[in-house]
Amino acid sequence: QVQLVESGGGLVQAGASVRLSCTASGGTFNDYIMAWFRQRPGKEREFVAAISRSGGSTYYAGSVKGRFTISRDNAKNTVYLQMNSLNPEDTAVYYCAASSITYGGTYYSTRMYEYWGQGTQVTVSS
């Protein structure tokens, strides 16, 4: 029902900043909790950040607090991930995800999200 497309990834140097975007179509964007996950080489997919439907609440993995910021623009059907002070450990495929859960859930669990983007590669060189 919902299609998610990420953009903004690429090759950057350590210490650099990049902003990822995820644009949704095929659904009502403000019905969905949005999140970013990433999958580092040889690792399981892990939670990065999530944002509530209105944008009033945000949640972050401890590894990115203070460096990454999630935001959303419901008028543009877009969620963003601003990533600062990147280091090689941030190298991963970054995925956008959407959840329509209404009775509660766990923001950091992949199982909460029924819609996923194709991912965008972020490579941080040293």
If hydrophobic clusters are built from ILVMFWY residues whose side chains come within less than 4.5 Å, do [X] and [Y] share one?
{"X": "Tyr94", "Y": "Val12", "answer": "yes"}
{"X": "Val48", "Y": "Tyr108", "answer": "no"}
{"X": "Tyr80", "Y": "Tyr107", "answer": "no"}
{"X": "Phe47", "Y": "Val64", "answer": "no"}
{"X": "Tyr60", "Y": "Val18", "answer": "yes"}

Handout entry: Aromatic centroids of Tyr95 and Phe37 separated by under 6.0 Å
Key = no

Practice task
Indicate whether any N or O donor in one side chain lies under 3.5 Å from an N or O acceptor in the other, for Thr91 and Glu89.
Solution key: no

How far apart are the closest heavy atoms of [X] and [Y], and which atoms are they?
{"X": "Ser85", "Y": "Ser17", "answer": "N-OG, 4.2 Å"}
{"X": "Arg67", "Y": "Asn87", "answer": "NH1-ND2, 3.6 Å"}
{"X": "Ala24", "Y": "Leu4", "answer": "CB-CD2, 3.5 Å"}
{"X": "Ser126", "Y": "Ala14", "answer": "CA-CB, 4.4 Å"}

Handout entry: Derivation of the side chain to side chain donor-acceptor pair (under 3.5 Å) call for Thr78 and Thr23
Key = CA-CA 4 Å; Thr78 300; Thr23 299; 3.2 Å; yes

Handout entry: Note, Ser25 side chain near Asn77 side chain (heavy atom, < 4.5 Å)
Key = no

Nearest 0.5 Å, please: how far is [atom2] in [Y] from [atom1] in [X]?
{"X": "Met34", "Y": "Arg53", "atom1": "CE", "atom2": "CZ", "result": "11.0 Å"}
{"X": "Ser52", "Y": "Asn30", "atom1": "OG", "atom2": "CG", "result": "11.0 Å"}
{"X": "Gln3", "Y": "Gln1", "atom1": "CD", "atom2": "CD", "result": "8.0 Å"}
{"X": "Leu81", "Y": "Cys96", "atom1": "CG", "atom2": "SG", "result": "9.5 Å"}
{"X": "Tyr113", "Y": "Ser100", "atom1": "OH", "atom2": "OG", "result": "11.5 Å"}
{"X": "Ile33", "Y": "Ile101", "atom1": "CD1", "atom2": "CD1", "result": "7.0 Å"}

Practice task
Let me see the working for Phe68 and Asn84 under side-chain contact (heavy atoms from CB on, under 4.5 Å), right down to the final yes or no.
Solution key: CA-CA 6 Å; Phe68 291 10; Asn84 298 327; 5.9 Å; no

Problem - Cys22 and Trp36: CA distance, side-chain angles, deciding distance, side-chain contact (heavy atoms from CB on, under 4.5 Å) verdict - result: CA-CA 9 Å; Cys22 170; Trp36 290 93; 3.7 Å; yes

Exercise for the section: Go through the steps to decide whether Arg72 and Phe29 satisfy the test side-chain contact (heavy atoms from CB on, under 4.5 Å), and finish with yes or no. Expected result: CA-CA 10 Å; Arg72 67 191 295 164; Phe29 184 69; 3.3 Å; yes

Practice task
Applying side-chain contact (heavy atoms from CB on, under 4.5 Å), run through Glu46 and Arg40 and close with a yes or a no.
Solution key: CA-CA 8 Å; Glu46 64 179 310; Arg40 295 185 285 176; 2.8 Å; yes

Problem - Asp90/Arg38 ion pair, N-O < 4.0 Å - result: yes

Exercise for the section: Mark yes or no for whether Thr120, through its side chain, and Gly9, through its backbone, hold a donor-acceptor pair below 3.5 Å. Expected result: yes

Problem - Criterion side chain to side chain contact (heavy atoms under 4.5 Å, CB included) against Leu20, the qualifying member of Met83, Glu6, Gln82 - result: Met83

Problem - Atom OH of Tyr59 with >12 non-hydrogen neighbours under 6.0 angstrom - result: yes

